[in-house]
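The first residue of the sequence shown is numbered 1, and numbering continues consecutively from there.
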Amino acid sequence: MTSLAQLRRRAFSALERHEESDWLGLIVHGLVICVISLSLIATVAESVPSLLSEYHSLLRAIEWTAAAVLTCELAARVWTAVEHPQFRAHNHAVARTRFLLSIHGLIDLVAIAPFWLSSFVAGDLKILLVLRFLRFLKLSRYSPATRALLDSLYSERRALSGCLILIVGAALISAALMHFAEHQAQPDKFGTIPEALWWAIVTLGTVGYGDAVPITALGRLIAALTIFCGLLMVALPIGIVASSFANEVHRRDFLITWGLVARIPLFSTLSAAEVAEVMSMLRAIKVGPGTVITRRGEAAHSMYIIVDGEVALKLKHKHIRLIGGQFFGEVAVLRRAKRSATATAVVATRLFVLDASDLHGLMERQPLLADRIKQAASTKFGHEIYADDSDLSPNEYSGASSQ
């Protein structure tokens, strides 16, 4: 039973991809995205009679594959729903039911419903072909940018509702005024307020089909004011959504960076204010396997903190392997000297970069952090960073100043 629970937790982690380096999660997400994309392309092709007749077998195979993959994914998500933080307080049956009734669960059901309905319902139901496009909604789960946009829309729902009320009110007022000005000149187009309402909607939406155009002087004046009003109405929700989206992306980046910094052992004892100070100084980079990060003998301008991955340090007399949470490059920075080691990424590695000036200022303001950096350097290299019997290259002493 314990092994089954561990397997379920591993499956849940892969489905949600809690870690970017999780290879299983990367495969699952990539497979689902590819399957959904192919199924949408196949659905478009099915609407073309010539393509349907020529590639019928291929299109059906794509649909069968998509249905099988998405059905398996839904089954896995239902099985692992008990691991979701929102449902852990419930028993297994309730947790899985609540997942199926959630927004994501309903989207997953809708994604496979057209295939299974077409298998059991006779006839050519075009609506099922259209319903397949709802699979596109599943992509929001795998796109952080889309999730951020949906979150920003939800957070500004009250402001957007207010904009909708204003637009509806402006449309009704414009339609009423245009009916008053044009009902005698064009009774077939503006004879009633509902007929004038169509003109008001397309004008406020800046579409202007031209099927109804005012011909009286008063009507044209009302049309001009409606056009200006429409420009303002369109700009208002765009500004609200753009500002909210930028804030949401900034908030997500801040939380992600905060979590990465806080879990690094070097900064684990810092207060919230100190972590925030460190975050303002760090730059994030990502390097591929085999990338040379620093070279022996070059000037030291920064130290590096490994978020995840692995880095090999090649010194004059020894080689060192560093993993996530460890750091390097601090010795040369502290001694204001040249690099004593060549650092190369062994695998894809994410790093935080702390410039030399920021490191010196940080260590002056936080003596405990300075002691931890010096102690870690001494432990890593087996000597004090200012000792004369070190393994560091002789040119590192040139121009070095004691701290």
Side-chain angles (χ1 to χ4, degrees), residues 1-40 65-113 115-116 134-152 154 248-249 251-264 268 286 307-310 323-325 347-350:
M1 189 65 181
T2 303
S3 60
L4 183 61
Q6 291 176 346
L7 178 61
R8 188 173 60 223
R9 283 193 293 270
R10 180 69 182 93
F12 176 74
S13 179
L15 287 170
E16 298 297 330
R17 201 181 172 194
H18 289 154
E19 298 290 340
E20 284 194 23
S21 57
D22 186 352
W23 61 270
L24 182 58
L26 180 63
I27 293 174
V28 171
H29 283 212
L31 176 62
V32 173
I33 291 173
C34 289
V35 164
I36 292 175
S37 301
L38 281 175
S39 70
L40 294 177
T65 303
V69 172
L70 297 181
T71 301
C72 291
E73 185 215 10
L74 176 58
R77 289 189 180 278
V78 172
W79 180 54
T80 60
V82 296
E83 302 293 337
H84 200 288
Q86 292 181 343
F87 309 133
R88 284 177 183 171
H90 307 284
N91 61 51
H92 291 189
V94 173
R96 287 161 182 160
T97 302
R98 289 175 69 90
F99 167 76
L100 285 173
L101 295 178
S102 66
I103 296 297
H104 287 303
L106 293 175
I107 290 175
D108 290 341
L109 283 173
V110 170
I112 63 173
F115 173 81
W116 296 113
L134 294 178
R135 291 173 183 170
F136 183 81
L137 298 176
K138 284 178 63 66
L139 294 178
S140 63
R141 176 181 284 155
Y142 304 99
S143 171
T146 304
R147 290 199 300 269
L149 178 59
L150 293 176
D151 289 342
S152 63
Y154 180 77
E248 183 67 25
V249 171
R251 184 184 69 84
R252 285 176 177 266
D253 291 343
F254 179 84
L255 292 176
I256 291 172
T257 306
W258 181 285
L260 293 175
V261 172
R263 77 182 186 185
I264 294 175
S268 59
K286 187 174 182 179
V307 179
D308 54 46
E310 185 177 355
I323 59 175
V347 297
T349 303
R350 289 188 299 168

Novice: Where do Ser39 and Arg135 come nearest, in terms of heavy atoms and distance?
Specialist: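 Scanning both residues completely, I find the closest heavy atoms to be CB-NH1, 3.3 Å.
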
Novice: Would you indicate whether the side-chain heavy atoms of Glu73 and Arg77 approach each other to under 4.5 Å?
Specialist: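 Of all side-chain heavy-atom pairs linking Glu73 with Arg77, at least one is under 4.5 Å.
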
Novice: Kindly check if the number of other-residue, nucleotide or ligand heavy atoms within 6.0 Å of CG (Leu106) is above 12?
Specialist: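 More than 12 heavy atoms, drawn from other residues, nucleotides or ligands, come within 6.0 Å of this atom.
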
Novice: Quick check: does any side chain N or O of Arg96 sit under 3.5 Å from a backbone N or O of Ala81, one acting as donor and the other as acceptor?
Specialist: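 Pair absent, no side-chain N/O of Arg96 close to backbone of Ala81.
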
Novice: For residues Leu74 and Leu100, determine if any side-chain heavy atom of one lies less than 4.5 Å from a side-chain heavy atom of the other.
Specialist: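 SC-SC contact between Leu74 and Leu100 confirmed.
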
Novice: Looking at Ala95 and Val82, what are the two nearest heavy atoms and their distance?
Specialist: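 Closest approach of Ala95 to Val82: CB-CG1, 3.9 Å.
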
Novice: Would you say that Trp79 contacts Leu7 through its side chain, given a criterion of any heavy-atom pair below 4.5 Å between the two side chains?
Specialist: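 Yes; the side chains approach each other to less than 4.5 Å.
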
Novice: Looking at side-chain heavy atoms only, is the closest gap between Leu70 and Lys138 below 4.5 Å?
Specialist: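 Side-chain contact under 4.5 Å: yes.
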
Novice: Looking at residues at least two apart in the chain, or sitting in another chain, which of them share a side-chain contact (heavy atoms from CB on, under 4.5 Å) with Glu83?
Specialist: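 Applying side-chain contact (heavy atoms from CB on, under 4.5 Å) to Glu83 gives Arg8, Arg9, Phe12.
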
Novice: Quick check: do Trp116 and Thr71 have side-chain heavy atoms less than 4.5 Å from each other?
Specialist: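 When only atoms from C-beta onward are counted, Thr71 and Trp116 do touch, with a gap below 4.5 Å.
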
Novice: If you count every heavy atom of other residues, nucleotides or ligands that lies below 6.0 Å from Ile103 atom CD1, does the total exceed 12?
Specialist: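 Count not over threshold, so no.
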
Novice: Can you check whether Phe99's main-chain N or O pairs, donor with acceptor, with Ser102's side chain at less than 3.5 Å?
Specialist: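 Pair found, side chain donor or acceptor close to backbone of Phe99.
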
Novice: State, to 0.1 Å, how close Ala14 and His29 come at their nearest heavy-atom pair, and which atoms those are.
Specialist: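 The pair with the smallest heavy-atom distance is O-NE2, 3.6 Å.
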
Novice: If every non-hydrogen atom of Ala11 is compared with every non-hydrogen atom of Thr80, which pair is closest and at what distance?
Specialist: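 Looks like CB-CG2, 3.8 Å.
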
